[in-house]
Amino acid sequence: METYLELDVDFPPEIAELKDAVHRFAKNVLRPAAIALDGLADPQQVIAPDSILWKFYRSAYQLGYHAAMIPTEFGGLGLRGLGMHVFLEELGWGSAGLAISLGVAGFPFEALAATGNRELIDRYVKPFVADREAKYIGCWPVTEPAHGSDWGSSILDEGDPTNRGGRVIARREGDDYVINGQKAAWVSNGTIATHGLTYLMAATNNGQPRAGAAAFVPFDLPGVSKGKPLNKIGQRALNQGEIFFDNVRIPARYMLAEPGNFELFGMHVLTKANGTMSAVFTGVARAAFEAALDYSKQRIQGGKPICEHQLVQKHLFEMFTKVEACRRLSRAAMEYNDAAAIPALEYAMAAKVFCTQAAFEVASDALQVFGGNGLSKEYGIEKIFRDARASLIEDGTNDVLSLSGMQLVLMRA
């Protein structure tokens with residue numbers, strides 16, 4: 001079983017074609033690459049010049065998948081709403097880590113395209129879209145050694161920004177900003193990225209943090225350096241690592257969100273990030289369920305396939321239900337927020353929390369269906385389990401997102 005019954009009776013044929021194409025890519029290219037990369041002991045090997053990671057990237061870029069959310073007027077695929085969800089679910093079915101890596105690769109360029117600044121679009125967005133060798137790779141530097149999930153929460157709070165805001169500081173100097181500080185080791189694509197949509201604090205003249213901001217930062221500028229790749233329990237194909245800024249100077253026009261408009265900008269970005277996670281981990285949950293279902297038809301215990309035992313059937317049906325619930329919630333939230341001028345961030349947060357929790361539960365139950373074999377690296381379910389566990393923490397821990405989401409629900413009530 002590698003597909004699902006589409007409950008949308010008006011499902012567009014062009015989206016169905018996209019779904020089939022991305023699924024083939026996920027099955028034949030993405031998943032094998034992720035399995036090979038997961039087996040490497042040293043995360044430095046994952047990003048080595050001869051790594052299969054770069055073959056995966058080139059294959060994805062040749063299909064234009066890196067520019068999935070770039071508007072068609074700039075050469076991208078222009079995927080939105082339903083199409084974007086289908087795209088991300090299929091990638092997540094193949095591998096959570098590589099799906100996230102590919103998705104975040106376009107993040108800075110998508111933000112730049114949304115500004116409408118033709119000079120910057122011509123200089124950065126169009127070359128990114130035209131790239132077929134993965135020479136342009138984006139990242140989203142948010143977390144810092146002293147700040148993680150609270151960065152997102154700070155967008156919703158009106159207090160002193162120094163209490164919850166970041167410590168990467170941008171100071172205005174004439175027509176430029178000068179950036180100093182460090183981003184944490186959890187920046188996805190951190191040690192291989194060429195550009196970043198960097199969250200920071202804009203400073204007053206005396207150097208004190210004032211309010212949140214976001215800048216497009218090319219990483220070939222003097223003063224940018226990177227740490228070593230992070231060694232993790234799961235999503236090992238996803239490169240992550242620190243980024244350091246030492247008097248990095250950028251033109252003021254590279255500041256995409258400044259104090260005054262950062263709140264709405266930040267809400268849009270958080271909505272997209274949480275929606276992406278919900279769609280990807282819908283795919284992860286589906287992959288775990290399908291693996292358990294297929295195995296249950298082959299594994300003989302008590303003289304018959306274990307899928308014929310009622311307790312196993314009960315567990316499988318609960319898993320099936322969770323996968324379908326993930327798709328309904330995450331797809332609805334993504335379609336609404338794609339069309340809304342002001343996003344309903346609480347729905348994106350709800351989808352992220354629900355889908356990642358469900359993916360972990362389904363993966364855990366799937367591993368149980370495999371029994372002892374589920375603990376063996378010979379079977380892929382233990383990798384899916386490890387990948388799913390990370391999702392409860394990344395892009396905002398589910399506990400913090402739940403509290404922030406409830407603040408929004410109360411504000412709207």
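When reading the values below, keep in mind they use all heavy atoms of this one structure, side chains included, and skip hydrogens, waters and symmetry mates.
The neighbour count for Y336 OH, taken as heavy atoms of other residues, nucleotides or ligands under 6.0 Å away, does not exceed 12. Counting non-hydrogen atoms of neighbouring residues, nucleotides and ligands closer than 6.0 angstrom, the CG atom of L410 exceeds 12 such neighbours. The environment of L7 atom CG is dense: over 12 non-hydrogen atoms of other residues, nucleotides or ligands sit within 6.0 angstrom.
For the pair V284 and A96, the tightest heavy-atom approach, listed with the atom from each and the gap, is CG2-CB, 3.7 Å. Nearest heavy-atom pair, F25 versus S59, reported as atom, atom and distance to 0.1 Å: CE1-CB, 3.9 Å. Minimum heavy-atom separation, A359 to A285: CA-CB, 3.8 Å. Of all the heavy atoms in Y177 and A170, the pair that sits closest is CD2-CB, 3.9 Å. The two residues I381 and A366 have their closest heavy-atom pair at CD1-CB, 3.6 Å. Closest non-hydrogen pair, N189 versus A105, comes out as ND2-N, 3.7 Å.
Once rounded to the nearest 0.5 Å, the distance linking OH of Y4 with CD of E6 reads 5.0 Å. Distance check: I52 CD1 to I35 CD1 gives 10.0 Å after rounding to the nearest 0.5 Å. Put simply, CE on M334 and CG on L88 are 5.5 Å apart, with the number rounded to the nearest 0.5 Å. To the nearest 0.5 Å, the span separating CZ on R386 from CG on L367 amounts to 10.5 Å. M349 contributes atom CE, which lies 9.5 Å from atom OG of S402 (distance to the nearest 0.5 angstrom). Distance check, rounded to the nearest 0.5 Å: CD of Q45 to CG of L40 gives 5.0 Å.
Side-chain contact between F289 and T321: absent, with no pair of heavy atoms (C-beta onward) separated by less than 4.5 Å. At least one side-chain heavy atom of I250 sits under 4.5 Å from a side-chain heavy atom of I179. Contact check for K232 versus L238: side-chain heavy atoms found under the 4.5 Å cut-off. Under the 4.5 Å side-chain criterion, counting only non-hydrogen atoms from C-beta, F11 is in contact with L82. Side-chain contact between F265 and E258: absent, with no pair of heavy atoms (C-beta onward) separated by less than 4.5 Å. Side chains of L120 and F216 form no contact here, defined as non-hydrogen atoms less than 4.5 Å apart. Annotation: side chain of L293 is in contact with side chain of S296 (closest heavy-atom distance under 4.5 Å). Contact of the K135 side chain with the T194 side chain is not registered, since no non-hydrogen atoms from C-beta on lie closer than 4.5 Å.
Neither side chain, Q44 nor K228, offers a donor N or O lying under 3.5 Å from an acceptor on the other. Under the 3.5 Å distance criterion, with hydrogens and angles disregarded, no donor-acceptor pair is assigned to the side chains of N337 and T271. Side-chain contact annotation: Q182 with E144, donor-acceptor N/O pair under 3.5 Å absent. A donor-acceptor contact under 3.5 angstrom links the side chains of S188 and Q240, judged on distance only. In the model, N274 has no side-chain atom that pairs as donor or acceptor with a side-chain atom of Y347 under 3.5 Å. Side chain to side chain, E346 and Q407 fail the donor-acceptor criterion of an N or O pair below 3.5 Å.
Between the side chain of D131 and the backbone N or O of A134, at least one donor-acceptor pair lies under 3.5 Å. In terms of modelled atom types and a separation under 3.5 Å, the side chain of H315 and the main chain of Q368 share no donor-acceptor contact. A donor-acceptor pair under 3.5 Å is absent between the side-chain atoms of N247 and the main chain of G223, judged by distance alone. Judged by distance alone, the side chain of N180 and the main-chain N or O of I169 form no donor-acceptor pair under 3.5 Å. The backbone N or O of T282 lies less than 3.5 Å from no partner atom in the side chain of W93, so there is not a single donor-acceptor pair. Remark: side-chain polar atoms of R132 are not paired, donor with acceptor, to backbone N or O of R58 under 3.5 angstrom. Between the D387 side chain and the Q235 main chain, a donor and an acceptor come within less than 3.5 Å of each other. Not one N or O on the side chain of R389 forms a donor-acceptor pair closer than 3.5 Å with the backbone of F385. Between the side chain of S404 and the backbone N or O of L401 there is no donor-acceptor pair closer than 3.5 Å. Checked by atom type and distance alone, the side chain of S376 never pairs as donor or acceptor with a backbone atom of N373 at under 3.5 Å.
Aromatic ring centres of H195 and Y136 lie closer together than 6.0 Å. Taking the six-membered ring for Trp and the full ring otherwise, the centers of Y57 and Y65 sit at least 6.0 Å from each other.
In this structure, D122 pairs ionically with K126, as a charged nitrogen and a carboxylate oxygen lie closer than 4.0 Å. Using a 4.0 Å cut-off between charged side-chain N and carboxylate O, K314 and E318 make a salt bridge. Looking at E242 and K183, no side-chain N of the basic residue comes within less than 4.0 Å of a carboxylate O on the acidic one, giving no salt bridge. Using a cutoff of 4.0 Å between basic side-chain nitrogens and carboxylate oxygens, R331 and E335 are not scored as salt-bridged. Between K19 and E17 there is no salt bridge, since none of the side-chain N atoms of the basic residue sits less than 4.0 Å from a carboxylate O of the acidic one. Ion pair R253/D175 not flagged as a salt bridge, since none of the NZ, NE, NH1 or NH2 atoms sits closer than 4.0 Å to an Asp/Glu carboxylate oxygen. Ion pairing between K383 and E378 fails under the 4.0 Å rule for side-chain N and carboxylate O. The residues E290 and R286 are annotated as salt-bridged, a charged nitrogen and a carboxylate oxygen being separated by less than 4.0 angstrom. The residues D338 and R80 are annotated as salt-bridged, a charged nitrogen and a carboxylate oxygen being separated by less than 4.0 angstrom.
A side-chain hydrogen bond (donor to acceptor under 3.5 Å, both in side chains) with K352 is found for exactly one of D395, T276, N398, namely N398.
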Open item on the list: Before you tell me yes or no, could you show the steps for R328 and E324 under salt bridge (Lys or Arg N to Asp or Glu O under 4.0 Å), namely the whole-Å CA-CA distance, both residues' side-chain angles and the distance that decides it to 0.1 Å?
Closed with: CA-CA 6 Å; R328 291 299 102 194; E324 294 301 312; 5.3 Å; no
Open item on the list: Between L256 and L112, does the side-chain contact (heavy atoms from CB on, under 4.5 Å) criterion hold? Intermediate values first, please.
Closed with: CA-CA 7 Å; L256 304 188; L112 204 54; 3.7 Å; yes
Task: Step-by-step side-chain contact (heavy atoms from CB on, under 4.5 Å) determination, F56 to L37 - done: CA-CA 11 Å; F56 155 74; L37 294 170; over 6 Å; no
- [ ] Before giving the answer on side-chain contact (heavy atoms from CB on, under 4.5 Å), spell out for V248 and F219 the whole-Å C-alpha distance, their side-chain angles and the decisive distance to 0.1 Å.
- [x] CA-CA 9 Å; V248 178; F219 289 162; over 6 Å; no
- [ ] Test L102 against L91 for side-chain contact (heavy atoms from CB on, under 4.5 Å), laying out the working first.
- [x] CA-CA 9 Å; L102 183 61; L91 292 181; 4.1 Å; yes
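Among pairs with a residue in residues 222-258, those fulfilling ring-ring contact (aromatic ring centres under 6.0 Å, His included) read Y124-Y254, at least two apart in sequence or across chains.
Ring geometry for Y61 versus H66: interplanar angle under 30°, hence parallel rather than tilted (30 to 60°).
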